[in-house]
Amino acid sequence: MVSLTADMSPLHPDRNLALELVRATEAASIRAVPFIGRGRKEDADGAAVDAMRAFFTTVNFDGTIVIGEGEKDEAPMLFNGERVGNGRGPRCDVAVDPIDGTSLTAAGRNNALSVIAVSDHGTMLDASSVFYMDKLVTGPAGVGVVDIRLPIGENIRLLAKALGKPVDELVVSVLHRPRHEQLIEEIRQAGAGTRLMSDGDVAGGINAARHNARTDMCVGIGGSPEGIVTACAIKSLGGHIQGRLWARDDDEKQRGIDAGLKLDDHVYEADDLVRGSNTIFVATGVTDGQLVAGVRRDGGYVYTESVVLRGASGTLRRISSEHLTSKWL
């Protein structure tokens, strides 16, 4: 079996694959531009899906979508099990979110991204039958230090010690949801600050794991697909991620069990979410955020900013691109 990365021969240049995938996230982000701040999240998502799908046909890989749009958002394309790529090159598991933060895009708010994550075939956990996951993400300092099974206050104190900073300087990102009211209160009682996110927990997790980022930890219940995608990025950053699947009702719990997933507080470690270090994560900003700038139009040009993270080399690359508006919009 051809490895997605780590093969440095000219036959399978993984760097080229990563850079080719950026073209797909750039296209999705640019196509979403007419809908930013227009209150039409379905239209924005549809445009991004169409653009990403079209560019996938030009990429030299044989991908199977393990985490797609169709299951969770009832989108018409890029569904779980769909084959993407031109069929030549390495076999891959693929996770896509043409817009992570459709509501953010519709409202014109920060931190909307277009995202693709890729790993070797058969290595990505298919958690599609349970839509939500409780997650804990930190940077490298949290590896072997924090644990999702511990109270949040204890994790905050342990991470502060590992980072060599006072607890009151720690910042914890949490999705701003009613289900997190108690969690937010416990974070503040422990002495840390909170950064409440309206959406976009992929960006929240990655920002918590990045060196010299403004947040130190990302916790709480968000999408399980987003957890898998985030794990691909964390492999590149050397950070810590754990997840517990969170079923909304007994029927969903049973679907998860039938699919072979482990619930009842089972903790999925990073290598359970995505096995090995052969991962690629690419993201392009739709709207401005801490991770990347959003799409910007200026006269006859459209500007995009993207990041490429490769687990095999532990690198994060930034790509700034300039596109002729006449070719895109």
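Only heavy atoms go into these numbers, but all of them, side chains included; no hydrogens, no water, no symmetry mates.
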What is the minimum heavy-atom distance between [X] and [Y], and which atoms define it?
X	Y	value
Ala127	Leu261	CA-CD1, 3.9 Å
Ala203	Leu113	CB-CD1, 3.8 Å
Val167	Ile156	CG1-CG2, 3.8 Å
Ala44	Ala32	O-CB, 4.3 Å
Ala209	Pro140	O-CD, 3.8 Å
Ala24	Ile116	CB-CD1, 3.8 Å

Whether Tyr303 and Tyr301 hold their rings parallel, tilted or perpendicular, with breakpoints at 30° and 60°: tilted

Aromatic rings Phe55 and Trp328: how do their planes relate, parallel, tilted or perpendicular, breaks at 30° and 60°? parallel

Counting heavy atoms not belonging to [X], are there more than 12 under 6.0 Å from its [atom1]?
X	atom1	answer
Arg214	CZ	no
Arg177	CZ	yes
Arg179	CZ	yes

Does a donor on one side chain sit under 3.5 Å from an acceptor on the other, for [X] and [Y]?
X	Y	answer
Arg188	Thr194	yes
Thr284	Ser29	no
Asn278	Asp120	yes

Is it the case that one hydrophobic cluster holds both [X] and [Y], taking links as side-chain heavy atoms less than 4.5 Å apart, direct or via other members?
X	Y	result
Leu158	Leu163	yes
Met217	Val171	no
Ile152	Ile184	yes
Val145	Ile148	yes
Val118	Ile67	no

Which of these passes side-chain hydrogen bond (donor to acceptor under 3.5 Å, both in side chains) with Gln254: Asp250, Asp258, Asp251? Asp258

Determine whether [X] and [Y] make a side-chain contact, defined as any pair of heavy atoms from C-beta on separated by less than 4.5 Å.
X	Y	value
Ile241	Thr230	yes
Met197	His176	no
Phe281	Val229	yes
Glu42	Phe35	no
Asp100	Glu226	yes
Asn86	Thr58	no
Ile228	Val274	yes
Asn80	Val66	no

Does any N or O in the side chain of [X] come within less than 3.5 Å of the main-chain N or O of [Y], such that one atom is a donor and the other an acceptor?
X	Y	result
Asp45	Lys41	no
Glu154	Leu150	no
Tyr268	Met133	no
Arg31	Val49	no
Glu305	Gly294	no

For [Y], is there an ion pair with [X] - N to carboxylate O distance below 4.0 angstrom?
X	Y	answer
Glu26	Arg23	no
Asp298	Arg296	yes
Asp264	Lys253	yes
Arg83	Asp62	yes
Asp216	Lys165	yes

Could you check Asp201 against Lys135 for salt bridge (charged side-chain N to carboxylate O under 4.0 Å, His left out), going step by step and ending with a plain yes or no? CA-CA 10 Å; Asp201 59 337; Lys135 287 164 276 191; 2.6 Å; yes

Report the C-alpha separation of Val307 and Ile319 in whole Å, then their side-chain angles, then the decisive distance to 0.1 Å, and conclude whether the side chain to side chain contact (heavy atoms under 4.5 Å, CB included) test is met. CA-CA 6 Å; Val307 290; Ile319 299 174; over 6 Å; no

Hey, could you give me each pair passing salt bridge (Lys or Arg N to Asp or Glu O under 4.0 Å) that has a residue in residues 227-247? Not counting sequence neighbours. Asp134-Arg244, Lys235-Asp271

Using 0.5 Å steps for rounding, measure from the [atom1] atom of [X] to the [atom2] atom of [Y].
X	Y	atom1	atom2	answer
Thr138	His240	OG1	NE2	5.5 Å
Arg310	Ser236	CZ	OG	8.5 Å
Leu291	Leu316	CG	CG	7.0 Å
Phe61	Arg91	CZ	CZ	12.5 Å
Asp93	Thr279	CG	OG1	12.0 Å
Leu170	Arg157	CG	CZ	11.5 Å

Could you walk me through whether Thr304 and His323 satisfy the side-chain hydrogen bond (donor to acceptor under 3.5 Å, both in side chains) test, starting with their C-alpha distance in whole Å, then the side-chain angles of each, then the deciding distance to 0.1 Å, before giving a yes or no? CA-CA 8 Å; Thr304 58; His323 316 263; 2.9 Å; yes

Before you tell me yes or no, could you show the steps for Thr105 and Thr102 under side chain to side chain contact (heavy atoms under 4.5 Å, CB included), namely the whole-Å CA-CA distance, both residues' side-chain angles and the distance that decides it to 0.1 Å? CA-CA 5 Å; Thr105 303; Thr102 52; 5.5 Å; no

Steps toward side chain to side chain contact (heavy atoms under 4.5 Å, CB included) verdict (Leu245, His266): CA-CA 8 Å; Leu245 292 170; His266 175 82; over 6 Å; no

As a quick check of understanding, evaluate salt bridge (charged side-chain N to carboxylate O under 4.0 Å, His left out) for Arg149 and Glu269, giving each step before the final call. CA-CA 12 Å; Arg149 287 162 286 218; Glu269 304 289 345; 3.7 Å; yes

Begin from the C-alpha positions of Asn111 and Thr287 and carry the test side chain to side chain contact (heavy atoms under 4.5 Å, CB included) through to its verdict. CA-CA 6 Å; Asn111 289 319; Thr287 59; 5.5 Å; no

Salt bridge (charged side-chain N to carboxylate O under 4.0 Å, His left out), that's the test. Do Glu82 and Arg53 meet it? Break it down for me. CA-CA 11 Å; Glu82 183 174 356; Arg53 195 170 195 271; 2.5 Å; yes

